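Computed from a predicted structure; not experimentally measured. Heavy-atom basis, side chains included; hydrogens, waters and symmetry copies ignored.
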Amino acid sequence: MIKQYLQNLNSEQLTAVEHIDGPLLILAGAGSGKTKTITTRLAYLISLGIDPSNTLTLTFTNKAASEMRQRAIAMLDFNIYPPLLCTFHKFGLLFLKFHLAKLNRSPNFVVIDSDDKKKIIKNLGVSFPSSSISHYISSCKNSIISPDSAKTSANSEFEKEASEIYIKYEEYMIKNSLVDFDDLLLLPYKILLDFDDIASETSKKYAYITVDEYQDTNQLQFELLKLLCKEHSNICVVGDDDQSIYGFRGADVTNILSFEKTFYGAKIVKLESNYRSTKQILDIANIVIANNTDRLDKQLKSIKGNGAAVSSTRFEDERAESAYIAKEIKKLLKNGTNPADIAVLFRINALSRSIEEEFTKERIAFKFVGGTMFYERAEIKDLLAYLRLCVNENDDFSLKRVINRPKRGIGKTTLDKLETFATTQKTQIYDTISNPLFESQLSSMVGKKTFGLLKEFTVTIQKLQDKKLSGMIEFWHEIDSIIGLKSFFNTIGEDDRVSNIDEFIGMAKEYFKTNPECELDEFLNEIALVSESEEQNYGDVSIMTIHSAKGLEFEIVFVVGLDDGFFPINTATTNIEEERRLFYVAATRAKTNLYLLGAKSRFLHGERKHMPPSRFLKEAGLTDEPIAIGGGKYTKNDLVKHKIFGFGRVVEVLRKGEKLKINFQGQVRELLADFVEKAV
DNA sequence: TGGGTCACGGTTTTT
DNA sequence: CCGTGACCCA
């Protein structure tokens with residue numbers, strides 16, 4: 001049966017599929033049949049008699065994992081024990097369940113999300129924004145820098161504080177048996193590094209490893225992969241260096257650029273035949289991406305015909321831009337185009353506003369893909385906090401979240417008192433409330449009435465825990481009548497939240513029906529790694545950021561905001577090559593029609609801004625208007641001011657004034673001239 | 001405790 | 001311009 005699938009491949013795809021032992025890099029351009037190739041390869045390996053349980057396929061998203069699993073299994077005509085095909089983080093989670101005790105940490109850990117992480121950091125007392133500290137800790141972990149060495153190498157005031165917080169944060173996490181997303185990769189790495197026997201055993205077990213979207217791996221994932229390949233070199237990675245757009249969260253393109261050097265003797269297969277887009281579209285994508293210097297040579301060849309020309313228009317303002325899109329879409333819909341085949345893409349969410357307004361006015365049904373994630377919604381997190389308390393009532397973090405939700409009249413003052421009291425007694429908040437020994441002391445501390453309220457809260461948790469014993473189905477049936485979250489949100493008129501709670505409870509019931517033996521704590525860690533709820537509103541026009549559109553395809557794509565400052569975006573950390581890759585991703589989403597739109601002025605942050613066209617339009621040969629980049633504005637020794645780095649002096653003028661080398665208090669940085677202003 | 005007011009800052013995002 | 005967070009007062 002597998003033979004028939006092999007016949008559906010082109011010769012490059014077939015070469016990749018039939019490569020079995022030794023490192024393999026599949027450079028898969030956009031729309032070149034990447035998923036088809038690796039799923040066929042996996043099925044092929046299994047058809048050769050390789051035990052599915054000896055394979056490991058790692059992806060970045062759950063969506064990619066489930067799509068691949070489905071496609072690979074469909075190719076096999078016999079029932080198999082399903083191969084391990086999951087996200088990096090899921091793999092880490094499974095691994096830690098088995099081995100975390102090796103690091104003397106509790107195997108009954110709880111996975112927290114980035115929101116929880118920020119809150120914990122904030123509670124540790126910080127003067128810099130908790131999001132920056134959180135990001136700092138994340139980059140340390142992803143570059144395998146321990147808290148101690150972070151502290152030693154801390155230079156700025158920020159780094160000094162951040163590294164101290166990093167130390168405290170790690171202590172807190174261990175004390176409370178918590179694990180963050182980065183830990184799901186870092187702790188397995190540490191275990192594999194420290195315990196040779198586990199590393200060998202694991203590597204032998206996963207004798208055939210496949211990694212999807214390899215261009216998005218960071219240093220930690222790279223090191224982890226090397227350890228997993230300790231006993232063999234059967235690693236197949238698939239990726240496209242031109243589609244690396246997650247540098248801002250640690251993705252390191254050099255991993256794919258230097259794969260050959262790391263995995264000696266690697267075979268490289270390029271998939272350059274594009275089955276998705278017309279030649280006109282690919283020409284634009286190819287010509288723009290060719291301006292990047294750090295890339296592996298690769299050129300998409302269109303299998304489809306020439307197609308329609310790429311359309312590019314610059315409007316007076318964003319309203320004219322949106323009105324034009326609405327008009328075009330209405331025309332398309334009238335001619336029978338399926339709205340699900342149309343997408344509007346933008347670089348930053350702020351640009352969606354005028355689109356949404358116009359679509360609503362013109363009654364075009366649309367769905368905003370990738371807004372607030374389901375499990376990050378406040379009401380869902382409240383429910384999750386109750387569930388965690390159900391598993392472990394001494395989870396202070398969760399307790400603090402919901403002790404006043406629904407409103408019970410317990411505020412910050414009471415909580416602060418409770419917390420300091422618990423700390424002095426070397427115990428957790430829940431225990432101090434329920435311990436009869438502390439009753440009179442606490443009662444006089446917070447007042448009799450408040451103490452009664454606290455007691456009531458513990459009774460609620462108790463009720464939940466009791467209900468848990470009568471089985472998950474009944475538990476989920478009764479959960480909200482015990483907590484009362486729905487009626488709380490109902491009274492304050494937030495009906496959306498009520499229906500979200502209903503959706504969540506419905507989903508959980510479904511889950512426990514299919515997995516009756518699953519424990520509540522397993523369920524909690526499982527869903528911590530899942531972001532989306534089920535897709536809804538099928539036949540609608542999609543609007544989303546370019547990042548969200550990666551991996552998707554549409555017949556007709558409108559890209560808005562091709563203006564200098566918006567796309568490429570203009571900030572201190574802008575990496576122009578990554579912006580260009582983003583353009584490449586956007587353009588290659590389109591199958592038949594691509595619109596590259598812009599506006600001469602836009603309203604943002606309360607003021608109207610004028611801007612020249614994006615340099616990408618120039619590179620694509622789609623505009624004659626002059627593009628930004630004022631030359632000769634700065635000379636050596638000019639004093640300049642930067643939003644983040646403060647004052648600095650120009651050391652050198654590069655690229656005809658487009659770029660500057662600036663000394664900020666001893667630290668020399670290279671920045672685009674647009675990001676600084678003259679300080680007189 | 002919690003409602004009200006003011007200042008501030010404001011990419012991209014998965015797990 | 002608009003959402004978030006800090007802070008003040010009833």
Nearest-angstrom distance, C1' atom, B:dT13 to C:dC2: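 Approximately 22 Å lies between the C1' atom of B:dT13 and that of C:dC2.
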Heavy-atom nearest nucleotide on DNA chain B for A:N349 versus A:F88: which residue maps closer to 5'?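 Its nucleotide being nearer the 5' end, the pick is A:N349.
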For DNA chain B, whose closest nucleotide is more 5', that of A:L184 or that of A:G606? A:G606
Out of [options], whichever nucleotide has its closest atom nearest the side chain of [X]:
X      : options                : result
A:T414 : B:dT12, B:dT1, B:dT15  : B:dT1
A:R347 : B:dT15, B:dT14, B:dT12 : B:dT12
A:I569 : B:dT15, B:dT13, B:dT11 : B:dT11
A:T545 : B:dT12, B:dG3, C:dC1   : B:dT12
A:I348 : B:dT11, B:dT13, B:dT15 : B:dT11
A:H605 : B:dT11, C:dC2, B:dG10  : B:dG10

Whole angstroms only, please: what is the [atom1]-[atom2] distance between [X] and [N]?
X      : N      : atom1 : atom2 : value
A:H89  : B:dT13 : NE2   : C1'   : 12 Å
A:L454 : B:dT1  : CG    : P     : 10 Å
A:L351 : C:dC1  : CG    : C1'   : 15 Å
A:I403 : B:dG2  : CD1   : C1'   : 17 Å
A:N62  : B:dT15 : CG    : C1'   : 8 Å
A:E213 : B:dT13 : CD    : P     : 15 Å
A:F346 : B:dT12 : CZ    : P     : 10 Å
A:D116 : B:dT14 : CG    : P     : 17 Å

If you look at every strand shown and take non-hydrogen atoms under 4.0 Å, does [X] touch a base, only sugar-phosphate, or nothing?
X      : value
A:K122 : sugar-phosphate
A:R581 : nothing
A:N404 : sugar-phosphate
A:D180 : nothing

Has the side chain of A:S114 got a donor or acceptor that lies under 3.5 Å from a partner of the other kind on the base of B:dT14? no
With a 3.5 Å cut-off and no angle check, do the side chains of A:S614 and A:D564 form a donor-acceptor pair?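 Note: A:S614 and A:D564 side chains miss the donor-acceptor criterion.
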Going by distance alone, is a donor N or O of one side chain under 3.5 Å from an acceptor N or O of the other, for A:Q219 and A:D252?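 No, no side-chain donor-acceptor contact under 3.5 Å.
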Is the centre of the A:Y584 ring less than 6.0 Å from the centre of the A:F616 ring?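 No: the rings miss the under 6.0 Å criterion.
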If only side-chain N and O atoms of A:S548 are considered, is one of them under 4.0 Å from the OP1 or OP2 phosphate oxygen of B:dT13? yes
So if I apply the side chain to side chain donor-acceptor pair (under 3.5 Å) rule between A:D183 and each of A:R105, A:K141, A:H89, which one comes out positive? A:K141
Per the glycosidic torsion and the 90° limit around 0, nucleotide B:dT12 is anti
Is there a side-chain contact between A:E161 and A:Y166 in this structure, where contact means two heavy atoms from C-beta onward sitting under 4.5 Å apart?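 A:E161 vs A:Y166: side chains apart.
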Any side-chain heavy-atom pair from A:F60 and A:T87 closer than 4.5 angstrom?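 In short, these two side chains do not touch, never coming nearer than 4.5 Å.
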If stacking means aromatic ring centre less than 5.5 angstrom from the base's six-membered ring centre, planes under 30°, is A:F248 stacked on B:dT12? yes
